[in-house]
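I have placed the structure first, in the form of structure tokens, so that the comments after it can refer back to it.
All values below were derived from every heavy atom in this structure, side-chain atoms included, with hydrogens, water molecules and symmetry-related copies excluded. Everything numeric here is computed off the predicted structure, so don't read it as measured data. The sequence lines fix the lettering, A, B, ..., with proteins before strands; numbering per chain opens at 1.
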2 protein chains.
Amino acid sequence: MAEDREVTIYDIAKYLNISAATVSRGLKNNPMISKQTRKKITDAATMLGYQSNTFASSLRSRQTHTLGVLVPRLNSHFMSSVLAGMENAANLHGYNLIIAQSLEDVDKEKRNVLTMYNKRVDGLLISLSANATDINHLEPFFKKQIPVVFFDRVHSHADSTCVGIDNYDAAYHITTHLISQGCKRIMHLGGNLLRNVYNDRFKGYKKALKEHHLPFSAALHLVSNLSEQAGTDAASYILELPPAERPDAVFSANDTAAVYCMLALKAAGLRIPEDIAFAGFNNDPISKVIEPNLTTMNYSGEAIGNTAATYLINHLKGSNNLHATNAITLRADLVIRASSLKKDTAG
Amino acid sequence: MAEDREVTIYDIAKYLNISAATVSRGLKNNPMISKQTRKKITDAATMLGYQSNTFASSLRSRQTHTLGVLVPRLNSHFMSSVLAGMENAANLHGYNLIIAQSLEDVDKEKRNVLTMYNKRVDGLLISLSANATDINHLEPFFKKQIPVVFFDRVHSHADSTCVGIDNYDAAYHITTHLISQGCKRIMHLGGNLLRNVYNDRFKGYKKALKEHHLPFSAALHLVSNLSEQAGTDAASYILELPPAERPDAVFSANDTAAVYCMLALKAAGLRIPEDIAFAGFNNDPISKVIEPNLTTMNYSGEAIGNTAATYLINHLKGSNNLHATNAITLRADLVIRASSLKKDTAG
DNA sequence: TATTTTTACGCAATCGGTTGCGTTTATTTT
DNA sequence: AAAATAAACGCAACCGATTGCGTAAAAATA
């Protein structure tokens with residue numbers, strides 16, 4: 001009873017007594033085919049339950065309508081928002097997403113890049129793993145002119161565009177805010193300086209210090225993976241400092257480390273923000289739950305994902321050009337919450 | 001200089017003066033081909049920079065080595081963990097993932113299912129959207145014997161397997177725990193009862209009540225989408241109840257609603273757990289940040305994702321059978337934290 | 001050495017759309 | 001009405017790997 005063979009354009013052609021070529025064109029709304037014929041074709045297609053075979057199509061046309069997405073880790077609030085944004089954009093334009101994670105491992109990143117390449121993705125969206133020192137593994141893409149868009153953890157390249165926020169500026173503002181609250185010894189919990197996001201935040205932090213004639217102290221700059229544990233460790237570090245050398249504020253490059261640092265310091269009896277003010281980065285859900293609520297930098301992962309994917313797709317469709325655009329910077333705004341409010345705002 | 005054409009098995013064949021058929025077989029380690037020839041083939045392949053064309057392969061072999069993943073929302077901690085688990089399993093076995101989200105909309109779910117079908121995924125991993133009343137849209141898959149594995153938000157079907165936890169049992173235990181702490185008026189913040197996860201949790205909650213001769217009151221059962229807003233709304237609802245009718249505990253079907261309910265009640269001056277105890281579900285990161293820390297049900301999204309994907313892949317490889325297995329239940333354990341500890345544990 | 005069995009490989013037909021180019025039919029121009 | 005142009009469609013060769021079946025060469029057996 002159930003037909004085992006797939007319905008093909010040849011079946012439609014036979015059914016309508018026309019050629020398969022016409023059917024193929026008709027299904028793609030090729031103006032070369034008359035309106036009436038097109039209608040007949042699409043009608044017959046739905047009638048017969050036709051489903052286009054993407055392989056045959058991709059094989060011949062060399063287009064997959066698939067985008068590769070490579071991220072360090074899938075399971076973070078930020079990254080899942082990015083993916084949601086990308087999925088929206090892709091879905092809207094008839095593209096699919098192949099998603100893989102490098103788990104912060106360059107070797108896995110390389111393997112995944114190769115897989116994406118083999119799968120002939122039409123374009124690649126990538127956020128680099130922590131320990132990637134170069135982007136030589138992307139050469140096959142550049143060589144074959146397959147467009148690459150970096151997002152968040154980017155790496156400048158002549159043939160591709162970067163989508164993200166201005167981390168330098170954001171960190172500068174957040175640090176300035178802490179200074180405006182009267183903080184003078186501001187610690188920075190930073191990430192791997194190989195990655196632009198952490199490097200830029202570090203630079204923005206230093207710039208703000210310098211501008212306000214505050215000294216930069218290496219003792220107040222901790223580099224870690226910004227995990228929960230790293231936050232807790234930072235707290236221990238702070239508590240072990242001689243009271244006179246303790247920071248009166250902490251600017252963390254992400255909310256997770258900030259929150260877990262706060263929790264440990266609160267447990268040790270420190271008051272926030274009176275004894276030590278806090279600011280994070282990301283506007284992660286936990287920043288609205290910790291008490292006092294965490295001052296942080298808000299930017300939309302969904303917007304980043306959506307923008308990056310849309311931009312890539314538009315490039316593929318020829319309506320814009322990656323090579324002309326070096327970077328797209330999205331808005332990020334400082335969300336001031338109780339964790340950093342030392343002075344009366346009424347002041 | 002740069003060759004534009006792809007390197008194909010024909011190039012390898014020509015290079016070695018053998019047939020393309022032999023090359024094809026040699027690349028797949030077909031024992032029909034002698035060891036030496038195989039070696040020559042693989043060597044020539046890497047030498048010439050050969051990359052297999054998956055379309056040609058898929059077109060002919062009718063296998064895509066791609067799994068479709070369809071989830072309600074990508075951006076939740078739980079779901080991104082699930083995806084991470086799936087990605088691991090898929091990557092390990094040489095499979096790829098095509099991921100899409102339904103945004104809790106059946107229509108989008110239907111469209112996505114169709115896309116996956118068109119993309120000829122080898123199998124489908126799906127968690128149903130909130131308002132899906134049936135799974136008729138999966139019929140094409142069942143009809144074509146393409147394996148389907150449900151996870152988390154499942155729907156029993158003769159031809160597929162469900163992977164998740166025992167929500168009934170988990171809710172029963174969590175409610176029993178609240179009762180053991182002396183709570184007598186336990187409210188339940190539940191989700192859409194169409195979905196097994198919420199329905200089962202509701203039933204488990206009721207069973208625990210009944211077993212301890214506590215009356216079930218519809219006034220203490222709120223159904224919502226369990227969002228932040230829903231949690232806040234639940235708090236308002238509680239505060240508006242006559243003091244005598246107020247619950248002395250809340251069991252929420254997820255952590256988000258629980259946490260936002262707690263925040264609002266705390267702001268209103270209620271003490272947790274003294275005035276009202278709390279328990280959530282999911283062990284979301286926020287449950288460890290809220291004060292007091294939230295008692296919740298912990299289960300691994302990664303394990304669910306990994307198990308579901310692995311099981312599907314094994315089925316595809318023929319080493320196990322979906323039809324024989326109705327459901328796979330993973331472990332979930334109660335994590336007791338301060339939000340529900342009314343009695344001295346030393347007691 | 002003749003014959004059977006194995007082993008190793010080649011032939012050629014797929015899989016199902018796509019597309020350059022040629023051909024027919026309809027429309028416009030002179 | 002004849003000629004020129006445009007519109008609509010068909011032919012057939014792809015795209016690159018897979019695989020059933022056939023065959024030549026090598027090994028085993030008689």
- OP1 or OP2 of C/dG16 sitting under 4.0 Å from any side-chain N/O of B/R62? yes
- Message: Using five pairs at each end of the helix from C/dT1-D/dA30 to C/dA26-D/dT5 to define an axis, what is the angle between those two axes, to 10°?
- Response: 50°
Name the atoms and distances for all side-chain donor-acceptor pairs under 3.5 Å in residues 89-97 of chain A, with sequence neighbours left out.
residue, atom, partner, partner atom, Å
A/N91, ND2, A/E87, OE2, 3.4
A/N91, ND2, B/N112, OD1, 2.9
A/H93, ND1, A/A89, O, 2.9
A/N96, OD1, B/K119, NZ, 3.3

- Query: What's the CG-C1' distance between B/N53 and D/dC14, to the nearest Å?
  - Reply: 13 Å
- Task: Check every strand shown and say whether A/T37 touches a base, only sugar-phosphate, or nothing at a heavy-atom separation below 4.0 Å.
- Result: sugar-phosphate
- With a non-hydrogen cut-off below 4.0 angstrom, is A/I33 in contact with a base, only sugar-phosphate, or nothing? sugar-phosphate
- Starting from the 5' end of DNA chain D, give me the residue, A/M32 or B/K28, whose nearest nucleotide shows up first. A/M32
- Query: If you check every side-chain atom of A/A21, which of D/dC21, D/dG16, D/dG10 has the closest atom?
  - Reply: D/dG10
- Message: Tell me whether the count of non-hydrogen atoms from other residues, nucleotides or ligands lying under 6.0 Å of NZ in B/K35 goes above 12.
- Response: no
- Would you kindly give the NE2-to-C1' distance between B/H65 and D/dA17, to the nearest whole Å? 13 Å
- Side chain of A/R25 - closest among D/dG10, C/dG17, C/dG10: D/dG10
- Query: Considering only C/dG17, D/dT19, C/dG20, which nucleotide approaches the side chain of A/R60 most closely?
  - Reply: C/dG17
- Message: Would you say B/S61 places a side-chain N or O within less than 4.0 Å of OP1 or OP2 belonging to D/dT18?
- Response: no
- Note on the structure: DNA chain C nearest-nucleotide lookup for B/L59 and B/T22: closer to the 5′ end is B/T22
- Whole-Å distance separating the CZ atom of A/F55 from the P atom of D/dT18: 13 Å
- Item | Straight-line distance of B/S76 OG to A/N75 CG, nearest 0.5 Å | 11.0 Å
- What nucleotide, of C/dC9, D/dA8, D/dG16, holds the atom closest to the side chain of B/S34? C/dC9
- Closest to the side chain of B/A56, out of C/dT18, C/dG10, D/dA17, is D/dA17
- Message: Under 4.0 Å, counting only non-hydrogen atoms across every strand here, what does A/S58 touch: a base, just sugar-phosphate, or nothing?
- Response: nothing
- Check the distance between D/dA26's C1' and B/Q36's CD and give it to me in whole angstrom. 12 Å
- Message: So B/L27, base contact, sugar-phosphate only, or nothing? Heavy-atom distance under 4.0 Å.
- Response: nothing
- Item | Salt-bridge present (A/R195, A/E104; N to O < 4.0 Å) | no
- Query: Tell me: CD1 of A/I18 to P of C/dT25, nearest whole Å?
  - Reply: 16 Å
- Identify which nucleotide among D/dT19, C/dG17, D/dA17 has an atom closest to any side-chain atom of A/S57, counting heavy atoms from C-beta outward. C/dG17
- Item | Contacts of B/T325 that satisfy side-chain hydrogen bond (donor to acceptor under 3.5 Å, both in side chains) - sequence neighbours left out | B/Y311
- Message: Measuring from the side chain of B/Y10 (C-beta onward, heavy atoms only), which nucleotide among D/dA17, C/dG16, C/dT19 has the closest atom?
- Response: D/dA17
- Item | Nearest-angstrom distance from the residue atom CZ of A/R38 to P of D/dC9 | 10 Å
- Message: Just so I know, are the side chains of A/V71 and A/F151 near enough to count as touching, which here means a heavy-atom distance under 4.5 Å?
- Response: yes
- Message: Can you tell me which nucleotide in C/dG10, D/dA17, C/dG16 comes closest to the side chain of A/T8?
- Response: C/dG16
- Query: For A/L138, which of A/I126, A/L70, A/I146, A/D159 qualifies under side chain to side chain contact (heavy atoms under 4.5 Å, CB included)?
  - Reply: A/I126
- Message: Using a 3.5 Å distance criterion without hydrogens, assess whether the side chain of A/S24 forms a donor-acceptor pair with backbone atoms of A/A20.
- Response: no
- Note on the structure: When rounded to whole Å, the CD to P distance for the pair B/Q63 and D/dA17 reads 17 Å
- Message: Are more than 12 heavy atoms, taken from residues, nucleotides or ligands other than B/Y15, located less than 6.0 Å from that residue's OH atom?
- Response: no
- In whole angstroms, how far is the C1' atom of D/dC9 from the CD1 atom of A/I41? 10 Å
